[in-house]
Amino acid sequence: MAVVGFREWGLVMARRGHGARGAVALWMAALVVGGCGSAPASESGAQPTAHTTASEACRAGTGGDWKVAVEVDGPDSSALALVSGDSIATCLTSRNADRTGFGTTAVGVGLHPVGSASALTYVTSMATTSGPPSILIGRVPPVTSMVRLVLADGSEQNATIGGDIWLVWLTTPGEPTLIEALDASGAAISRIEDANGIQPAD
């Protein structure tokens, strides 16, 4: 597991990955960006260059031809999953001090196998503190209408789906014990379950 510290948030990104059929993801790059493609903030306290939207900030952090698959917005920051071919980038970006845009961004990029027609996968995670992961990302079968997660404390949370990618920003960081892909009728299509906590890398 790789860990990257993020100075302005005390952010820790824990990046682990697996794809369909137990294939292990290859992490290609990890970036910690002070200003989304600009020089880091100076010692005088200058703010990083702001981008108008979270997606602009994350695209600047990843570089290349990346498309936003899923975006989940909080009051002061946003979590995004971006895709380029078989690669998935995780991005967490924060509003700058004067709230005119997004200036502080952390990005992790990994190559993951393509989604399965029948299997749900959990491919990577990101922790916003030094504790358990808060942001979880995976792939879904094409007919999925909802992804539901159950945590060790019994609480449940639904993920946001975009294309074949799901992303959840947990209200209480932790490791899920059950992740289910459900169809439009609420029937389970695929599930991953482990009473000891599901890890994104096997």
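Keep in mind that this is a model prediction, so the values were computed, not measured. Values below: all heavy atoms of this structure, side chains included; hydrogens, waters and symmetry mates excluded.
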Inset, instruction - Could you tell me the separation between the CG atom of Leu182 and the CD1 atom of Ile189, rounded to the nearest 0.5 Å? - result: 7.0 Å

Legend entry - Side chain proximity check, Glu193 to Thr177, heavy atoms < 4.5 angstrom: no

Legend entry - Point-to-point distance, once rounded to the nearest 0.5 Å, from OG1 of Thr124 to CZ of Arg139: 11.5 Å

Legend entry - Within residues 64-99 or reaching into it, pairs that qualify as disulfide bond (SG atoms under 2.5 Å apart) - sequence neighbours excluded: Cys58-Cys91

Legend entry - Separation of Leu136 CG from Leu167 CG (nearest 0.5 Å): 8.0 Å

Inset, instruction - Compare every heavy atom of Glu180 with every heavy atom of Ala188, then report the nearest pair and how far apart it is. - result: CB-OE2, 3.9 Å

Legend entry - Heavy-atom side-chain proximity of Arg148 to Leu178 below 4.5 angstrom: yes

Legend entry - Close side-chain approach of Leu170 and Gln157, heavy atoms under 4.5 Å: yes

Inset, instruction - Check whether any side-chain N or O of Ser190 sits under 3.5 Å from a backbone N or O of Ala119 as a donor-acceptor pair, and report yes or no. - result: no

Inset, instruction - Provide the closest heavy-atom pair for Val140 versus Trp166 in the form atom of the first, atom of the second, distance. - result: CG1-CD1, 3.3 Å

Inset, instruction - Kindly give the heavy-atom pair with the smallest separation between Ile192 and Leu120, and that separation in Å. - result: CD1-O, 3.6 Å

Inset, instruction - Check whether any side-chain N or O of Ser84 sits under 3.5 Å from a backbone N or O of Asp65 as a donor-acceptor pair, and report yes or no. - result: yes

